[in-house]
A.B. asks: 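First the structure, which I've put down as structure tokens, then a few questions once you've had a look.
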Amino acid sequence: MFAQTDLSELVAESYLQNSDKIRPLAIAIGMSNFVKQTLQKQPQFLQTWLVEYPSVANAGNYAERLATILGQVKDEAQLSQELRLFRHREMAALSFLQSNKLASVEFVFEHLSDLAETIIIGARDWLFQRCCEEYGTPMNSLGEQQELLILGMGKLGGRELNFSSDIDLIFTYPDAGETVGGRKPIENSKFFIRLGQRLIKALDEITLDGFVYRTDMRLRPFGDSGALVLSFTAMEDYYQEQGRDWERYAMIKAKILGEDPQNINHRYLRQILRPFMYRRYLDFSAIQSLREMKQKISREVVRRNLTDNIKLGACGIREIEFIVQTFQMVRGGRDKILQERSLLRVLPRLAELKLLTEQQTQQLYDAYIFHRQVENVLQAINDKQTQTLPTDEQDRARVMFACQSYLQKNAENQPLVVEYNIHNWQDFLQILEQHQHNVRAVFNQIIGEEEDDEESPLNEKLAVWQDILHYQISEEDLAAVLVDYPVSQSDYNDIFRQLSSTFQDWVKRTIGVRGRNVLRKLMPKILDMVCNREDYLVVLPRLLNIVDKITLRTTYLELLQEREQILPLLITLCSQSIMIAEQIARYPMLLDELIIQNSLTQVLALEQYKTALNDYLIRIPEEDEEALIDALRQFKQSQILHIAAADILGVLPVMKISDHLTYLAEAIIGAVVNMAWKSLSQRFGVPDHLTDTEQGFAVIAYGKLGGIELGYNSDLDLVFLHNAPQDSETTGARKSISSHQFYLKLAQKINSIFNLNTSAGVLYEVDMRLRPSGEAGLLVSTVSAYETYQQNEAWTWESQALVRTRCVYGSQELSQAFEQIRRATLAMPRTSGQLRQEIYEMRYKMYQHLSHSDNAHFDLKKDKGGITDIEFIAQCLVLEYAHQYPQMAVWSDNVRIFDSAVECGILSFADGERLKHCYTAIRNRIHHLNLLRSPSVVSPDEFVEERAFVAQIWQRIFG
């Protein structure tokens with residue numbers, strides 16, 4: 001009988017009993033038809049309210065209450081009904097709190113999100129058990145049970161769900177395999193597709209009880225045409241190879257529903273997605289992508305006449321989201337505090353990072369809450385997804401009542417009463433307009449607003465270029481312009497071909513209005529500057545390649561256009577170094593260095609590289625190894641750009657350039673060893689012979705790194721040593737291994753980090769063939785074994801290599817032990833004639849096999865009189881005289897070896913100085929050829945005197 005009672009009769013009866021208590025109920029019903037309908041369909045729920053109204057204190061605990069209900073569910077029809085009734089009751093309670101202004105706006109949409117997450121996970125878990133009963137349990141090849149993971153996207157992921165939102169979901173599962181325990185095994189993919197289909201039906205299907213949530217799966221990889229559920233591997237492949245900017249934008253809010261930090265699958269899925277969402281560099285391309293997305297939405301607003309839409313319309317909710325997520329996409333890879341799903345959590349951090357002022361962030365916060373209050377009130381009226389301002393007078397009255405005063409959180413996360421003086425609809429619109437004005441001011445500052453196509457030419461020359469570039473370029477028009485430049489007429493066709501090909505390609509790209517406007521201003525400047533140079537044919541393709549790579553990164557284009565000092569510097573660098581030009585084109589993040597630094601030629605002090613690298617890495621979580629490895633590469637690239645600029649512009653001499661490249665490499669070696677050590681020690685503990693601060697491990701540098709003579713393209717020749725006793729083991733609680741095995745794994749890990757090819761390139765090529773016994777020897781040796789080998793088994797060429805060695809990483813004790821071995825080995829008495837004969841024969845073999853130059857060229861490294869001859873002279877002097885003059889075994893670099901030879905009377909002062917001049921002059925030329933990515937080969941007319949003098953010294957020593 002009670003179930004048939006009219007709601008109004010029940011309310012009237014209650015009013016007679018207690019008129020004061022009925023007012024909140026009347027407000028809730030008056031503000032929401034949905035609340036009224038829910039109470040009519042579930043009158044027992046109304047009876048509960050009349051005993052105790054919903055409150056902030058008893059809101060939530062959804063999982064516990066839903067679990068009790070689902071524990072009694074027998075079939076999917078009952079599941080469908082119970083989910084709908086539960087959802088309606090809980091949302092009606094939240095509407096009650098909202099209408100009576102008992103909870104903040106933030107509280108309401110956070111609890112709406114928690115409710116949705118609880119229902120989705122509850123339904124999934126119930127259906128999973130049912131599917132396992134029917135098909136068996138999905139397992140992987142290791143016998144581990146598989147689960148369906150659900151990514152909640154958009155406002156669900158950010159805990160900002162609307163009152164009547166659609167929910168955007170993506171389904172995934174860890175590993176391929178098949179079910180176990182069913183009548184017939186099926187593939188995991190089929191199992192999870194069936195589970196996903198049944199889950200969508202349970203949520204989305206409209207029944208007599210309504211629906212739970214309209215479910216949208218179009219954000220999954222490949223959209224509607226893609227599989228409903230993908231494995232982790234397929235997900236990773238898609239986002240690495242095909243993921244687009246709008247998908248990055250969406251993925252920033254993705255949340256693993258029911259996430260458990262201890263669940264290894266949940267942690268691994270986050271690791272898969274993080275690199276896609278957050279780039280390791282300042283990703284200015286995101287601004288243009290978001291701008292184009294916003295323009296597309298704006299066109300849709302006009303087409304569908306959505307001008308009163310508070311979400312999609314001008315200065316609405318979407319623009320606030322665009323502002324915040326622009327900063328997240330551009331800077332989130334570097335500033336980890338921006339890696340949040342919640343818009344409201346990110347906003348204050350924009351002020352902390354000085355990206356927006358505190359006033360701007362507060363204005364955006366207030367505007368967002370005001371819009372969300374309006375949105376939730378509109379949607380709570382009929383449980384209908386709408387963001388359009390009402391024309392109906394009753395609905396307008398509801399909106400005005402809700403916005404006259406409401407609760408929002410303050411800076412201390414406490415409820416704050418916000419009040420507006422709203423007496424009529426015009427008052428409401430004025431307040432809305434003020435919020436929108438504040439949003440638009442920030443949006444235009446960050447995202448940018450469209451500009452007029454018309455622009456004033458800077459001068460007549462640029463105006464002519466603009467006319468040509470504005471229309472389809474013709475060879476005749478270009479020739480008419482080039483006649484005023486020092487360009488050879490025979491080169492006109494080549495220039496036309498390059499420009500025409502580039503512009504035709506750009507026409508096909510979705511560069512956008514703003515990007516094309518910037519290009520129309522920038523390209524005349526570039527062509528005017530380039531064509532005024534003698535090396536225009538060298539510079540033009542390099543610069544066009546850079547601009548080509550940033551056509552969709554409007555901020556970088558604007559950087560070149562607006563900052564007058566940058567373009568001339570970039571042209572100079574490109575003219576002197578194809579290496580720099582290619583690096584900037586491949587990694588446009590290097591252009592950040594032109595913004596951040598006062599001068600590109602400012603290099604770190606030698607002793608600061610380790611500190612600077614540690615500061616650079618400290619912002620990245622230690623457990624995020626991929627991010628750390630990428631950061632190492634980014635640090636190296638940015639520092640080499642500074643070093644090369646200082647080299648090209650003559651700020652540093654060649655000796656100093658090598659010093660900086662060497663110290664940079666040493667800093668990176670230290671970081672790599674420590675990274676590998678942490679990884680291994682977490683798995684196996686540390687060798688038990690060590691104290692807390694020791695590693696018992698040393699890195700020995702050979703070759704150019706050992707000789708402090710590193711070049712831009714040099715490999716790292718490394719040897720690893722350790723001091724573990726024979727019977728030592730590691731202290732791992734779960735797994736212990738011998739210390740020798742630990743150090744072997746450490747060497748392998750270090751090698752893999754160096755050689756791993758990531759999006760930022762390879763860190764360094766590492767060559768370990770100079771270790772004892774070469775490629776047949778162990779990757780890492782004990783100090784005692786290394787000493788025995790060097791003093792009893794090493795060939796003469798290995799002793800030559802030992803001349804150019806240093807300990808570049810390790811404790812002082814290990815470093816001193818190595819240095820004693822090195823000096824003792826180099827100082828061993830040798831028969832002069834035999835030593836010289838062996839060195840001569842070694843050099844002769846190298847010349848026969850490695851030198852391929854003819855009389856028309858001179859190979860600076862391999863030909864007679866070149867770098868190799870000078871290095872062999874230095875090594876011979878050390879090995880022959882170190883037993884007589886210990887000073888000869890001190891230094892590993894050739895210049896100071898020659899200085900020592902002069903001090904010991906082995907060389908005359910004049911010969912020593914001339915050898916140093918020959919060596920540094922040839923090295924300097926090799927450096928600059930490296931910058932040009934050219935082989936170390938020059939005309940035979942160069943270095944004639946130097947080659948003759950080296951040959952003279954060679955003849956004197958070796959006969």
Side-chain angles (χ1 to χ4, degrees), residues 116-117 120-121 123-124 127-128 131 135 138-141 146-158 161 165-179 186-205 211-259 265-266 268-279 286 289-290 292-293 296-297 300 325 329 341 385 510 759:
E117 181 172 0
I120 295 166
I121 293 302
R124 177 202 67 182
L127 288 166
F128 179 81
C131 286
Y135 310 119
M139 311 291 278
N140 66 7
S141 60
Q146 301 299 286
E147 60 178 324
L148 178 69
L149 278 72
I150 303 175
L151 290 174
M153 310 295 286
K155 288 187 169 61
L156 172 59
L161 205 61
S165 280
D166 291 356
I167 54 171
D168 296 286
L169 305 178
I170 295 177
F171 296 155
T172 183
Y173 64 94
D175 295 326
E178 60 181 23
T179 59
I186 62 171
E187 293 177 353
N188 287 351
S189 58
K190 291 182 180 179
F191 176 94
F192 287 115
I193 287 173
R194 293 175 186 178
L195 172 59
Q197 290 169 337
R198 289 161 82 160
L199 177 57
I200 293 169
K201 180 181 178 182
L203 298 174
D204 189 85
E205 187 178 40
F211 62 93
V212 187
Y213 294 105
R214 291 174 294 270
T215 305
D216 193 335
M217 303 296 298
R218 290 175 296 175
L219 290 181
R220 69 185 187 269
F222 303 107
D224 284 336
S225 60
L228 183 64
V229 192
L230 290 177
S231 68
F232 282 5
T233 301
M235 288 270 286
E236 185 172 21
D237 289 345
Y238 176 83
Y239 287 119
Q240 281 186 355
E241 297 174 9
Q242 303 188 49
R244 291 158 288 181
D245 280 334
W246 70 262
E247 289 175 296
R248 285 182 61 206
Y249 177 85
M251 194 60 73
I252 282 176
K253 285 189 176 294
K255 180 183 190 297
I256 302 172
L257 301 186
E259 184 170 5
N265 289 328
H266 294 194
Y268 185 62
L269 181 58
R270 287 202 310 273
Q271 290 173 9
I272 290 174
L273 298 176
R274 188 183 294 116
F276 171 65
M277 292 185 283
Y278 298 108
R279 304 292 162 81
S289 298
L290 290 173
E292 291 174 1
M293 287 170 59
K296 183 178 180 181
I297 291 171
E300 183 74 359
Q325 288 186 256
M329 290 178 71
R341 292 185 292 267
Q385 189 181 35
T510 54
S759 59

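Side chains are part of it too, since the values below use all heavy atoms of this structure and drop only hydrogens, waters and symmetry mates.
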A.B. asks: Applying side chain to side chain contact (heavy atoms under 4.5 Å, CB included), name anything that partners E178, two or more places apart in sequence or on another chain.
C.D. replies: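 Side chain to side chain contact (heavy atoms under 4.5 Å, CB included) list for E178, sorted by chain: P185.
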A.B. asks: Take L219 and L169 through the test side-chain contact (heavy atoms from CB on, under 4.5 Å) and record every step on the way to the result.
C.D. replies: CA-CA 7 Å; L219 290 181; L169 305 178; over 6 Å; no
A.B. asks: Going by salt bridge (charged side-chain N to carboxylate O under 4.0 Å, His left out), name the residues that satisfy it together with E259, two or more places apart in sequence or in a different chain.
C.D. replies: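 With sequence neighbours excluded, E259 shows a salt bridge (charged side-chain N to carboxylate O under 4.0 Å, His left out) to R270, given in chain and number order.
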A.B. asks: If a pair satisfies salt bridge (charged side-chain N to carboxylate O under 4.0 Å, His left out) and one of its residues is in residues 148-158, list it, with sequence neighbours excluded.
C.D. replies: K155-E321
A.B. asks: Listed by chain and number, what are the ring pair (Phe, Tyr, Trp, His ring centres under 6.0 Å) partners of F211, not counting sequence neighbours?
C.D. replies: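 Ring pair (Phe, Tyr, Trp, His ring centres under 6.0 Å) list for F211, sorted by chain: empty.
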A.B. asks: Got a sec, which residues hit side chain to side chain donor-acceptor pair (under 3.5 Å) with S165, two or more places apart in sequence or on another chain?
C.D. replies: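 Side chain to side chain donor-acceptor pair (under 3.5 Å) check on S165 returns N162.
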A.B. asks: Do the non-hydrogen side-chain atoms of M217 and I170 ever get within less than 4.5 Å of each other?
C.D. replies: no
A.B. asks: Taking D168 for its side chain and G152 for its backbone only, find out whether a donor-acceptor pair lies under 3.5 Å.
C.D. replies: no
A.B. asks: How long is the gap from OG on S189 to OH on Y173, to the nearest 0.5 Å?
C.D. replies: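 It is 4.5 Å, given to the nearest 0.5 Å.
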A.B. asks: Find out whether F171 and I193 are in side-chain contact, i.e. whether some heavy atom of one side chain is under 4.5 Å from a heavy atom of the other.
C.D. replies: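 Not in contact.
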A.B. asks: Sort and list the pairs that fulfil side chain to side chain donor-acceptor pair (under 3.5 Å) and have at least one residue in residues 218-228, not counting sequence neighbours.
C.D. replies: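 For residues 218-228, and leaving out neighbouring residues, the side chain to side chain donor-acceptor pair (under 3.5 Å) pairs sorted by first residue read D216-R218.
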A.B. asks: Residues in side chain to side chain contact (heavy atoms under 4.5 Å, CB included) with R198, at least two apart?
C.D. replies: E76, L127, R130, C131, E134, Y135
A.B. asks: Testing the basics here: between M235 and L230, what is the closest heavy-atom pair and its distance to 0.1 Å?
C.D. replies: CG-CB, 4.0 Å
A.B. asks: When you compare the side chain of L195 with that of F192, does any pair of heavy atoms fall below 4.5 Å?
C.D. replies: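 Contact flag for F192/L195 side chains = yes.
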A.B. asks: At what distance, to the nearest 0.5 angstrom, does CG of L269 lie from CG of L151?
C.D. replies: 5.5 Å
A.B. asks: Any idea which heavy atoms bring L228 and G196 closest together, and the distance?
C.D. replies: CD2-C, 3.9 Å
A.B. asks: Whether the side chain of R214 engages the backbone of D204 through a donor-acceptor N/O pair (distance < 3.5 Å, no angle test) should be reported.
C.D. replies: no
A.B. asks: Taking all non-hydrogen atoms of both residues, which atom of A176 and which atom of N188 are closest, and how far apart?
C.D. replies: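 Shortest heavy-atom separation between A176 and N188 comes out as C-ND2, 3.5 Å.
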A.B. asks: Could you list the residues that satisfy side chain to side chain contact (heavy atoms under 4.5 Å, CB included) with N140, not counting sequence neighbours?
C.D. replies: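 Only L142, E144, Q146, D175 meet the side chain to side chain contact (heavy atoms under 4.5 Å, CB included) criterion with N140.
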A.B. asks: Any non-hydrogen side-chain atom of L156 less than 4.5 Å from a side-chain atom of K255?
C.D. replies: no
A.B. asks: With Y239, which residues qualify under ring pair (Phe, Tyr, Trp, His ring centres under 6.0 Å), at least two apart?
C.D. replies: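 Ring pair (Phe, Tyr, Trp, His ring centres under 6.0 Å) check on Y239 returns F276.
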A.B. asks: Quick one: closest heavy-atom pair of T172 and S231, and the distance?
C.D. replies: OG1-C, 3.8 Å
A.B. asks: So L199 and I150, do their side chains get closer than 4.5 Å, heavy atoms only?
C.D. replies: yes
A.B. asks: Tell me the closest heavy-atom pair linking R341 and K253, and the distance in Å.
C.D. replies: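 Nearest heavy atoms, R341 then K253: O-NZ, 3.0 Å.
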A.B. asks: Do T179 side-chain atoms and I186 backbone N/O form a donor-acceptor pair below 3.5 Å?
C.D. replies: yes
A.B. asks: By side chain to side chain contact (heavy atoms under 4.5 Å, CB included), which residues pair with Q240, not counting sequence neighbours?
C.D. replies: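 For Q240 the side chain to side chain contact (heavy atoms under 4.5 Å, CB included) partners, ignoring immediate neighbours, are E236.
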A.B. asks: Partners of Q197 by side chain to side chain donor-acceptor pair (under 3.5 Å), sequence neighbours excluded?
C.D. replies: none
A.B. asks: Side chains of I120 and V212, heavy atoms from C-beta outward: is any pair under 4.5 Å?
C.D. replies: no
A.B. asks: Starting at CD1 of I167, measure out to OG1 of T215 and round the result to the nearest 0.5 Å.
C.D. replies: 4.0 Å
A.B. asks: To the nearest 0.5 Å, how far apart are CD in E117 and CD1 in I256?
C.D. replies: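 Going from CD on E117 over to CD1 on I256, the span is 10.5 Å.
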A.B. asks: How would you list, by chain and number, every residue that makes a ring pair (Phe, Tyr, Trp, His ring centres under 6.0 Å) with Y238, sequence neighbours excluded?
C.D. replies: F222
A.B. asks: In Å, rounded to the nearest 0.5 Å, how long is the span from CD of E147 to NE2 of H266?
C.D. replies: 4.0 Å
A.B. asks: Nearest 0.5 Å please: distance from the CG atom of L203 over to the OH atom of Y213.
C.D. replies: 9.0 Å
